[in-house]
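Notes follow once the structure below has been shown.
Here the structure is a predicted model, which is why all the values come from computation and not from measurement. Atom set for the values below is all heavy atoms of this structure, side chains included, hydrogens, waters and symmetry mates excluded. We count residues from 1, following the sequence as given.
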Amino acid sequence: MSFVKLENVGKTYGSISVLKDLNLRVDKHEVVCLIGPSGCGKSTMLRCINGLESIQAGSIFVGDLEVSSPIVDINAVRRRVGMVFQHFNLFPHMTAIENVMVAQLRVLGRDKRAARDMAFELLSRVGLSKKIDKYPEALSGGEQQRVAIARTLAMSPQALLLDEITSALDPELVGEVLEIVRELANEGMTMLLATHEMSFAREVATRVCFVAEGGIYEEGPAEKILSNPDRPKTQAFLRRLVESHRL
Ligand code: ADP
Ligand code: MG
């Protein structure tokens, strides 16, 4: 059963058409990787799914909630699908544990003790039990991103949207963040992720979607799309990756 469903979606910025008649479904427990050149619309897709951007045509569903409906409860959508961004966007004046607590207090109305217990459990899970009282500036990029993931998980989302979550990190810090994603995948978390980590896509993706021309240009198992795609733009993209030693 599809958990996230985009049907004939059109998205424009002024006169620029970014998504054109886009169709995409993500089933429960699937890990779908969006790949494609910068500017092809991956972030826009993810942002439309959790209602950060409005669409001009088509419809988007998350479970039984229609995100594209003018009367949707957008907070209900965002509790159901958590999003993690390239830039971690932690509150700089709050410690790690406070960052993971704040939305629990304000959005879910949890009491402070329950929020703290949950935050501690999640920070432990991402390997940061010893750093709960550190401010973001005292944490590495990889640690900050792990706090951001814990913060998103604190909403108990049923699916995650991950937008290039390792691309702002120094290369040696990428692994620790991907390890968390790998664990979430193993636990059956439904995920849609934009990534340029092709080896990671190959390892975790149940499906890889190459984005071009405003939609899913070609999709299939990672092995197929990343080794032997059928269509010319996917082939050209792969050739560029190989030439720049990124595949
Ligand atoms: P990707 O994540 O694949 O790199 P994006 O979704 O960020 O691509 O961008 C897709 C296209 O939409 C790009 O051409 C980009 O310049 C344009 N775009 C993205 N956000 C905005 C915005 N807020 N206003 C105008 N154009 C935008
Ligand atoms: Mg992007």
Side-chain angles (χ1 to χ4, degrees), residues 1-9 19 22-37 40-50 59-65 67 77 80-86 125-126 145-146 149 152-153 155-167 174-231 233-235 237-238 241-242 246-247:
M1 195 203 49
S2 295
F3 184 65
V4 176
K5 194 162 65 179
L6 291 86
E7 289 181 329
N8 309 111
V9 167
L19 304 178
L22 162 70
N23 290 284
L24 173 65
R25 286 171 180 241
V26 181
D27 291 344
K28 277 234 142 135
H29 312 303
E30 262 198 303
V31 178
V32 176
C33 286
L34 301 173
I35 63 167
C40 68
K42 305 179 293 296
S43 297
T44 302
M45 257 179 227
L46 297 176
R47 293 168 62 81
C48 288
I49 294 168
N50 84 341
S59 54
I60 299 178
F61 289 87
V62 170
D64 56 0
L65 293 174
V67 183
V77 171
R80 217 175 266 193
V81 280
M83 185 148 173
V84 183
F85 302 89
Q86 175 177 350
R125 186 165 155 195
V126 298
Q145 190 59 293
R146 286 188 278 151
I149 293 171
T152 300
L153 293 175
M155 299 291 97
S156 307
Q158 294 174 27
L160 291 179
L161 308 171
L162 309 178
D163 192 4
E164 306 262 13
I165 62 168
T166 60
S167 50
V174 167
E176 65 191 56
V177 171
L178 291 184
E179 181 57 31
I180 311 281
V181 180
R182 194 177 282 125
E183 281 169 22
L184 288 166
N186 289 338
E187 290 163 16
M189 177 62 88
T190 306
M191 290 188 276
L192 178 59
L193 45 126
T195 185
H196 60 236
E197 302 282 347
M198 297 302 152
S199 59
F200 186 68
R202 198 185 284 267
E203 177 195 330
V204 300
T206 49
R207 188 150 52 96
V208 170
C209 297
F210 178 73
V211 180
E213 298 176 0
I216 308 303
Y217 175 85
E218 181 169 0
E219 67 176 297
E223 203 44 51
K224 166 78 181 160
I225 300 299
L226 297 174
S227 303
N228 185 26
D230 291 328
R231 302 194 63 198
K233 286 191 178 174
T234 325
Q235 291 166 349
F237 178 72
L238 283 194
L241 286 179
V242 170
R246 288 190 292 140
L247 189 70

Would a 4.5 Å heavy-atom cut-off, applied to side chains only, mark [X] and [Y] as touching?
{"X": "Asn8", "Y": "Asn23", "value": "yes"}
{"X": "Phe3", "Y": "His29", "value": "no"}
{"X": "Val181", "Y": "Thr166", "value": "no"}
{"X": "Arg25", "Y": "Glu7", "value": "yes"}
{"X": "Arg231", "Y": "Lys233", "value": "no"}
{"X": "Phe237", "Y": "Ile35", "value": "yes"}
{"X": "Asn50", "Y": "Val67", "value": "no"}
{"X": "Leu34", "Y": "Thr195", "value": "no"}

Between [X] and [Y], what is the shortest heavy-atom contact and its length?
{"X": "Val31", "Y": "Val204", "answer": "CB-O, 3.5 Å"}
{"X": "Leu24", "Y": "Cys209", "answer": "CD1-SG, 4.1 Å"}
{"X": "Met189", "Y": "Pro157", "answer": "CE-O, 3.7 Å"}
{"X": "Leu19", "Y": "Cys48", "answer": "CD1-SG, 4.3 Å"}
{"X": "Ser2", "Y": "Lys5", "answer": "CB-CD, 4.5 Å"}
{"X": "Thr152", "Y": "Gly82", "answer": "CG2-CA, 3.4 Å"}

Steps toward side-chain contact (heavy atoms from CB on, under 4.5 Å) verdict (Val32, Val4): CA-CA 11 Å; Val32 176; Val4 176; over 6 Å; no
To the closest 0.5 Å, what do you measure between [atom1] ([X]) and [atom2] ([Y])?
{"X": "Phe85", "Y": "Leu46", "atom1": "CZ", "atom2": "CG", "value": "9.0 Å"}
{"X": "Leu6", "Y": "Met45", "atom1": "CG", "atom2": "CE", "value": "8.0 Å"}
{"X": "Ile149", "Y": "Leu162", "atom1": "CD1", "atom2": "CG", "value": "7.0 Å"}
{"X": "Ile49", "Y": "Met83", "atom1": "CD1", "atom2": "CE", "value": "8.5 Å"}
{"X": "Glu197", "Y": "Cys33", "atom1": "CD", "atom2": "SG", "value": "10.5 Å"}
{"X": "Lys224", "Y": "Thr234", "atom1": "NZ", "atom2": "OG1", "value": "10.0 Å"}

Plane angle bin for Tyr217 and Phe210 - parallel if under 30°, tilted between 30 and 60°, otherwise perpendicular: perpendicular
Steps toward side-chain contact (heavy atoms from CB on, under 4.5 Å) verdict (Leu161, Leu193): CA-CA 6 Å; Leu161 308 171; Leu193 45 126; over 6 Å; no
Between [X] and [Y] (side chain of the first, backbone of the second, donor and acceptor by atom type, cut-off under 3.5 Å), is there such a pair?
{"X": "Gln145", "Y": "Ile165", "result": "yes"}
{"X": "Glu223", "Y": "Arg202", "result": "no"}
{"X": "Lys42", "Y": "Gly36", "result": "yes"}
{"X": "Glu218", "Y": "Asp230", "result": "yes"}
{"X": "Arg146", "Y": "Val126", "result": "yes"}

Glu183 and Arg125 ion-paired at < 4.0 Å: no
Salt bridge flag under 4.0 Å for residues Asp27 and Arg207: no
